[in-house]
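I have placed the structure first, in the form of structure tokens, so that the comments after it can refer back to it.
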Number of protein chains: 2
Amino acid sequence: MTDTVASGTVGLRERKKARLRQNLVGSGLRLFLEQGYHGTTTEQIAASVGVSQRTFFRYFATKEELLLEAVAGVDELFLSALRARPADEPPLTALRNAVQDHWNSVDPRTRDFLSRAATVLKDDPAVVDAMTGSCRRHQERIAEVVAERAGVDRAADPRPDVLTAAFLSVLGTARESWSASGSTDADDLLAAARERLDLLPEVVGGGWGTREAEHPAPAPGA
Amino acid sequence: MTDTVASGTVGLRERKKARLRQNLVGSGLRLFLEQGYHGTTTEQIAASVGVSQRTFFRYFATKEELLLEAVAGVDELFLSALRARPADEPPLTALRNAVQDHWNSVDPRTRDFLSRAATVLKDDPAVVDAMTGSCRRHQERIAEVVAERAGVDRAADPRPDVLTAAFLSVLGTARESWSASGSTDADDLLAAARERLDLLPEVVGGGWGTREAEHPAPAPGA
DNA sequence: GAAAGTCTGTCAGCGGCTGACACTTTGCAG
DNA sequence: CTGCAAAGTGTCAGCCGCTGACAGACTTTC
């Protein structure tokens, strides 16, 4: 059988499957950009690569799943970036720097594509919900790495989960304000994320926002 | 026209509408608890109050909307609780205490109902997504009150948004750990929320979670 | 080349959701 | 009270996401 072909005996069948799956993702995303998520039917996606709708659903359980397939790889890269930060960095600092490292490590074409996708699809509530859900599922894996780095047990110590949740939600506000600003420059998003993450320690502290204090605006825009 | 009839002219028609709407919500939630969210069809809900499915959708744009109607009132109460906190409390402290005040102000029957609902419905991903989405839409209104209390402009100062996002996401982790623990006691949820909110300042600080430090577990369980 | 396993298309159907149209009920005026 | 306009409702037909069942085609393996 000449099964010595690398490891796993890839087989012609599996190659076809993998290619079809990739075609579906590519075609689907293209159509989403052209006509919006809601405006694209699963039948169109299936037809665009020459298969039936039923086959589409044999590859993806839901239309949403195809959408999320595009960002899955990006998420993995972030975990690597976080693991690569030096061990003596405090947790939030490591997360903050990992965002930067991660962003730089994504190749520019993908980065542009993601910016464009965010711009076009940000108004579709179904897309936003899908992304949020994906983020939530991703949260556990980040918390796991945070716990690992800190040398604590996630099951007994809620701190990794608390920090991760706060971290991701702040990133969310940055994304939101970025898309609300109408900017399509991905670097603006990164800047907003950094600004807001750096604000976190001050914001959870008590040194602002009481009517008694009246201090002269510590650092609103800088 | 005799339009001087008070303001609004309740009219028999509007009363019927309001009652039907309430019936739909009540019947719908009861069915959700009995058969699950996914297991209940909009036709069943409509039939259970004697109207057609088409009429159901004239009252609620989506099945989800009916589900969220139940928690809408609770959200309003939280905003009131937050506004009622003394002005000299630091923002995070005010939010934390408002959670407690708010929980105490919800009448026990509603509280029990919500606990039961959370227990039954927490496994349905559609329900979780709906709740998350609702939370996100609610976030802006909380941030508005935080900004108001702090006397800053939300459009120019991201701090209210950052704090609110972190606050809500931490509440989310508390809810998750509560439902994962299998507890059905609503007070356990409140306790988890308080614990985790109190952890926030420490967690975003740099005093933990570096391999260099090796301090003896500051406060994992207390 | 045949048996066994896998992939696919077709068909039928459910549930969420919507537009169109006809019918009934309600509100208001004369 | 009567007649008219507005609003609410039921029925029907249909789109779209998604699924089970079955039969036919294609790989793999022997």
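First the proteins, then the strands, lettered A, B, ... as listed; each starts at 1.
Nucleotide dT26(C) holds its C1' atom 12 Å from the NZ atom of Lys17(B), rounded to whole Å. Look at CZ on Arg15(A): it is 15 Å from P on dC7(C), rounded to the nearest Å. dG8(D) atom C1' lies 15 Å from atom CZ of Arg21(B), rounded to whole Å. Per the geometry, CZ belonging to Arg19(A) stands 11 Å off P belonging to dT8(C), to the nearest Å.
Remark: Thr62(A) OG1 to Leu67(A) CG distance equals 9.0 Å, nearest 0.5 Å.
No salt bridge links Arg136(A) with Glu176(B); every basic N to acidic carboxylate O contact stays at or beyond 4.0 Å. Looking at Arg21(B) and Glu69(B), a side-chain N of the basic residue comes within less than 4.0 Å of a carboxylate O on the acidic one, giving a salt bridge.
Every residue two or more places apart in sequence or in another chain that forms a side chain to side chain contact (heavy atoms under 4.5 Å, CB included) with Thr110(A) is listed here: Val106(A), Asp107(A), Leu114(A).
Dashed line: the shortest gap from a side-chain N or O of Lys16(A) to OP1 or OP2 of dT27(D) is under 4.0 Å. At the phosphate of dG8(D), neither OP1 nor OP2 sits under 4.0 Å from any side-chain N or O atom of Tyr59(B).
No engagement by Ile45(B) is indicated, since no non-hydrogen atom pair under 4.0 Å with the nucleic acid exists.
By the neighbour-count criterion of 12 heavy atoms within 6.0 Å, atom CD of Glu148(A) is densely surrounded, having more than that number from other residues, nucleotides or ligands.
Each of Thr40(A), Thr41(A), Val120(A) was scored for a side-chain contact (heavy atoms from CB on, under 4.5 Å) with Gln35(A), with one residue passing: Thr40(A).
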Inset, instruction - Treat primed atoms plus P, OP1 and OP2 as sugar-phosphate and everything else as base, then score nucleotides 10-18 of chain C 5' to 3': B for base contact with protein heavy atoms under 4.0 Å, S for sugar-phosphate contact only, - for none. - result: B-----SBB
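You'll find a donor-acceptor pair under 3.5 Å spanning the side chain of Arg13(B) and the base of dT25(C), going by distance alone.
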